[in-house]
Amino acid sequence: MSDASKLRIAIIGAGIAGLTAAIALKDEPGVDVQIYEKTSELREVGATIALGPNGMRTLERLGVTDALEESVAFRNESRHPMIYRHYMTDEVVSFDTHSDSVEPQHHTARFFRPHLQQTLARHIDPSTLHLGKAFQACIFDDELQKLVVTFTDGSTELAHILLGADGIHSPVRQFFVPTSKTRVTGWTTFRSVFPTSHVEHVPNLPREAVHIWGPDRTLFVTPLAQNLYSVVGSHQEDPNEPQETAQHQAASWDSTGSVEDLREFYKGWSPLVRSIVDATPYTKVYPNSAADGLETWVLGNGRVTLAGDAAHAHGGAYAAGGSLAADDGWAFAQAVKQLLARDGSASRPSSTVDGGEIAEALKLYEKTRKPHTDRVQQTVQRRNEVMVRRIGKVELDEELRSRMSNRPDLRWIHEHDVVYAFSEALKVSTL
């Protein structure tokens, strides 16, 4: 099939959602996928990212099996997704578990963000990735029957479908839904990744992913692949305080932080925690943000949709954001494949696909994903509201231990079955 007769899909953003969507469609003969990334080099920022069983299964389903290998993915030897320790005694108070049906290669894994992004990028054709392309606008041309996508450098591209996978502050989402602006949640993290040699001297250094809880803040530590170690401190402030709001809004996704501030936050904690924090060589600060859920993901004349944080800016989904993005990318690709196979052929020419059918395909994708991500967003929002209400309140040790031991079971998030969800959505689709 010639390129002119293919369904052209423009993906904005080369994060997990954008790359997984492109990987899922790369062998589809009737599709021409082009990825547009605003940065001048493919360099993921941040520290760690976790993929639960759902995300790991999706990577395997896409053939990205190298991301499941120990050279990239770190899994707890205990097989617990997360272990929770007390901030003063270092004792294990509780831990998460996988369902019995989860196979070892799909156990929750932690990644250094650049490692995962680089692994995903190896599975796409480099010629389809266009760097230095920041989204500016998108209109539908009635004569061409295509979207005209404009970038801030003045260039334009044509597409039949636009997928906005451009992050929590998504310009694509805000262009089509101007009222959908992010807001600070008051939850701030201090994130560091560095060679393990910096903390190797610490007695009883945790060798698994451990979440250490105190009354008003937490500390997450984990080894990573390739002899790296990560330290992530977190604390809650009142997002309604003008001083805090201004401070959060002034910071970017990955601003340079102060290790002195980080150490001050944990000065009253156990000697083990203080030793780890004292050995942390640097930190980046991230002010967490969120946005309300959208009424629909089908935008722009029924030819535009969203994925990942652009679609569901949840503001901290229990370390599930990476898996949610991967499942979005997979589900979007399945809807496109269903569209092209509608008449029973292996792949239809784009000239035979009308706008109504494209809209139906995007509705199929939305039906597969949005009910689940809406529930995730609502759950996170309620959690965040509880955290804000707890600010300034004294918590007794027994109350802390009870909170650690009575966490909600979130396996419905981490082990969500996107394949089943797609099959159920397909039953009521008109495609």
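Position 1 is the first residue of the sequence, and the numbers go up from there. As a basis for the values below, the full set of heavy atoms in this structure was taken, side chains included, without hydrogen atoms, waters or symmetry mates.
- Ring-plane geometry between His372 and His416 is classed as parallel, the angle between the planes falling under 30 degrees on a 0 to 90 degree scale with a further cut at 60.
- Once rounded to the nearest 0.5 Å, the distance linking CG of Leu400 with CD of Glu395 reads 5.0 Å.
- Residue pairs meeting the salt bridge (Lys or Arg N to Asp or Glu O under 4.0 Å) criterion with at least one partner in residues 119-134, sequence neighbours excluded, are Asp66-Arg122, Lys133-Asp153.
- Because its NZ or CZ atom is both nearer than 6.0 Å to the ring centre of Trp412 and within 45° of the ring axis, Arg375 counts as a cation-pi partner of that residue.
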Q.
Show, in sequence, the C-alpha distance, side-chain angles and deciding distance for Ile124 and Lys26, and conclude whether the side chain to side chain contact (heavy atoms under 4.5 Å, CB included) test is met.
A. CA-CA 7 Å; Ile124 63 168; Lys26 69 178 183 178; 5.6 Å; no
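- A perpendicular orientation is assigned to the rings of Trp269 and Tyr266, their planes being inclined by more than 60° (bins at 30° and 60°).
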Q: Would you check, one step at a time, whether the test side chain to side chain donor-acceptor pair (under 3.5 Å) holds for His312 with Asp374?
A: CA-CA 8 Å; His312 37 81; Asp374 280 352; over 6 Å; no
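- Nearest heavy-atom pair across Ala73 and Ala67 is CB-O, 3.5 Å.
- In this structure, Phe74 has its ring center at least 6.0 angstrom away from the ring center of Phe111.
- Both tests pass for Arg61 against the ring of Trp330: distance under 6.0 Å to the centre and angle within 45° of the axis.
- A cation-pi arrangement is found for Arg383 relative to Tyr318, the charged atom lying closer than 6.0 Å to the ring centre and inside a 45° cone about the ring normal.
- Taking the six-membered ring for Trp and thresholds of 30 and 60 degrees, Tyr365 and Trp297 have ring planes inclined between 30 and 60 degrees apart.
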Q) Should Gln34 and His130 be marked as a side chain to side chain donor-acceptor pair (under 3.5 Å) after you check the CA-CA gap, both sets of side-chain angles, and the distance that decides it? A) CA-CA 8 Å; Gln34 302 295 319; His130 309 278; 2.6 Å; yes
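- Judged purely by atom type and a 3.5 angstrom limit, Asp141 has no side-chain atom pairing as donor or acceptor with the backbone of Leu147.
- Under the 30°/60° scheme for interplanar angles, the aromatic rings of Phe265 and Phe190 are found to be tilted.
- Atom CD1 of Ile35 and atom CD1 of Ile12 lie 10.5 Å apart (nearest 0.5 Å).
- For Tyr36 and Phe151, the distance between ring centers is under 6.0 angstrom.
- Proximity of the aromatic rings of Trp213 and Tyr87 is defined here by a centroid distance below 6.0 angstrom, and this criterion is not met.
- When each of His414, Arg411, Arg407 is checked for a side-chain hydrogen bond (donor to acceptor under 3.5 Å, both in side chains) with Asp96, only Arg407 meets the rule.
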